[in-house]
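See structure below.
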Amino acid sequence: MTGTAQRSGPAVGGPPSTGPRPGGGRTIRRSPVLRLLARPETGVFLGAAAVLVFFLIAAPSLRQGSSLATVLYQSSTIGIMALPVALLMIGGEFDLSSGVAVIGSALTASMLSYQLTVNVWTGVLVALVLSLAVGAFNGWLVVRTGLPSFLVTLGTFLILQGADLAVTKLVTGNVATDDISDMDGFGQARRIFASSVGIAGVQVKITVFYWVAFAALATWVLLRTKYGNWVFAVGGNKESARAVGVPVDLTRISLFTLVGFGAWFVGMHNLFSFDTVQSGEGVGQELIYIAAAVIGGCSLTGGSGSAIGPVFGAFMFGMVNQGIVFAGWNPDWFKAFLGVMLLGAVLINLWVQRTATRR
């Protein structure tokens, strides 16, 4: 079985074709345009281009290099997490705890470093272990119990949300962590997780480069490796995948663990960008990550999607978020725009797929 960004065609054992088969029974070759339309990221690319053009016209200040860098930064903080969430969705699962897991990771690193007066890298490494453990636990519980991942990660979401707030208040006496900017290792960690790179006089956040690199790596894994084949196979049909030797349980657990890694990475960026962390943040972000993946063409039922689509999905979120500000509009309309984008993207993807498969 091969990993492709989109699978189509009749199911095994389905009714035979009744129409004439050109080419002596050979498979009909579709045109390059139809093959391009069949890719799950095509619709969101067109949508992202339309949103970009719209806000470049509506908000002239957005044409400046510094403004575009701000849009890319906003998009990258969403996009880095949307990538593992998208891979998980391709594998047929959901994780509703990803938003609060980001904050939980940052809180762990900050409080451990400050309260124990140790090098901040100690807190960073402990936070990494904890984040991976939470992700692996979610996957293990889904595999072990057979419960829907929606219910399992909803429980994890509530646990982490309560623990983030309660532990922070217990340890610091406040709802936010203490400033760790003067502690050993902070400067080095900030350069890795939250620095900026000057390009043509414009400061671009390093998260933008991580975002592009992670997307390229995820694309290569999905389309060029055995593991990518496993992800598509597990999301398409677990039992069929198991029958041909795919390690279904291991693949599912590893996908949840990848979400944990993403939460750790974005959490470290938040911590070293702002020196402190608010314990109540992160609630609702999991829906943003899932929406970016869905807008990017990932199927809600698994087995279909790509890593490039969520990149454009995250870019649309960043563009709308900052475009409203640069256009001088009421920011209360942001959520309404996101809802329109989500519904529009789903309808466009549906139309594109039907057009591409029409003979």
Side-chain angles (χ1 to χ4, degrees), residues 73-85 88 94-116 120-138 152-181 183 186 189-190 192-194 205 207 210-211 256-293 314 317-318 321 335:
Y73 168 59
Q74 181 75 27
S75 303
S76 68
T77 57
I78 297 172
I80 290 175
M81 267 305 296
L83 284 169
V85 168
L88 181 65
F94 288 91
D95 191 339
L96 296 180
S97 66
S98 55
V100 290
V102 169
I103 300 304
S105 177
L107 290 171
T108 299
S110 179
M111 288 189 290
L112 186 70
S113 300
Y114 187 88
Q115 302 302 325
L116 298 183
V120 296
W121 280 105
T122 302
V124 168
L125 294 177
V126 172
L128 173 60
V129 172
L130 180 62
S131 296
L132 295 178
V134 170
F137 173 76
N138 282 336
V152 171
T153 57
L154 177 59
T156 308
F157 162 80
L158 295 173
I159 293 171
L160 290 177
Q161 181 186 10
D164 285 351
L165 181 59
V167 174
T168 303
K169 292 179 70 174
L170 178 66
V171 173
T172 68
N174 204 340
V175 295
T177 61
D178 297 288
D179 190 332
I180 63 171
S181 59
M183 299 190 66
F186 182 88
R190 168 170 276 183
I192 292 176
F193 292 106
K205 283 288 190 178
T207 52
Y210 283 128
W211 178 36
F256 279 101
T257 306
L258 280 176
V259 175
F261 175 82
W264 167 78
F265 193 92
V266 176
M268 294 307 97
H269 167 70
N270 290 345
L271 173 60
F272 295 110
S273 289
F274 306 108
D275 309 338
T276 183
V277 184
Q278 293 287 335
S279 58
E281 294 180 352
V283 178
Q285 282 298 111
E286 65 283 343
L287 299 180
I288 300 295
Y289 304 144
I290 292 174
F317 274 60
N321 192 6
K335 295 292 185 181

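Residues D178 and Q115 have side chains in contact (heavy-atom distance under 4.5 Å, counting atoms from C-beta outward). Residues F317 and S75 form no side-chain contact, since every pair of their non-hydrogen atoms from C-beta on lies 4.5 Å or further apart. Between V175 and T168 the shortest side-chain heavy-atom distance does not fall below 4.5 Å. Under the 4.5 Å side-chain criterion, counting only non-hydrogen atoms from C-beta, T172 is not in contact with Y114. In this structure, the side chains of V126 and T108 come closer than 4.5 Å at one or more pairs of heavy atoms.
When atom types are taken as modelled, the side chain of Q285 and the backbone of V283 share no donor-acceptor pair closer than 3.5 angstrom. Not a single donor-acceptor pair under 3.5 Å links the side chain of S97 to the backbone N or O of F157. Using a distance-only test at 3.5 Å, with no hydrogens or angles considered, a donor-acceptor pair links the side chain of S131 to the main chain of A127. When atom types are taken as modelled, the side chain of S105 and the backbone of A101 share no donor-acceptor pair closer than 3.5 angstrom.
Atom CZ of F274 is separated from atom OG of S110 by 13.5 Å, given to the nearest 0.5 angstrom. Of the inter-residue distances, the one linking L165 atom CG with L170 atom CG reads 11.0 Å to the nearest 0.5 angstrom.
For the 3.5 Å distance criterion, the side chains of D179 and S181 qualify, holding a donor opposite an acceptor.
When all heavy atoms of Y289 and I78 are compared, the closest pair comes out as CD2-O, 3.8 Å. Contact detail for S279 and I103: the closest heavy-atom pair is O-CG2, 4.0 Å. Minimum interatomic distance between A109 and M268 (heavy atoms only, all atoms of both residues): CB-CE, 3.7 Å. In terms of heavy-atom proximity, S98 sits nearest to M81 at CB-CE, 3.5 Å. The two residues G267 and A106 have their closest heavy-atom pair at O-CB, 3.3 Å. Taking each heavy atom of D164 and G104 in turn, the nearest pair found is OD1-CA, 3.3 Å.
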Derivation of the side-chain contact (heavy atoms from CB on, under 4.5 Å) call for V167 and L107: CA-CA 9 Å; V167 174; L107 290 171; over 6 Å; no

Would I192 and Y210 count as a side-chain contact (heavy atoms from CB on, under 4.5 Å) here? Give the steps. CA-CA 10 Å; I192 292 176; Y210 283 128; 3.7 Å; yes

Give the C-alpha distance, both sets of side-chain angles, the deciding distance and a yes or no for side-chain contact (heavy atoms from CB on, under 4.5 Å) between E286 and T153. CA-CA 11 Å; E286 65 283 343; T153 57; over 6 Å; no

Run the numbers on F256 and V134 for side-chain contact (heavy atoms from CB on, under 4.5 Å), then give the verdict. CA-CA 9 Å; F256 279 101; V134 170; over 6 Å; no

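In this structure, F193 has its ring center under 6.0 Å from that of F265.
Checked options T156, L88, T257; the residue passing with N138 is T156 (criterion: side chain to side chain contact (heavy atoms under 4.5 Å, CB included)).
Listed by first and then second residue, the side chain to side chain donor-acceptor pair (under 3.5 Å) pairs that reach into residues 259-276 are Y73-H269, T177-T276, R190-D275, H269-S273, sequence neighbours excluded.
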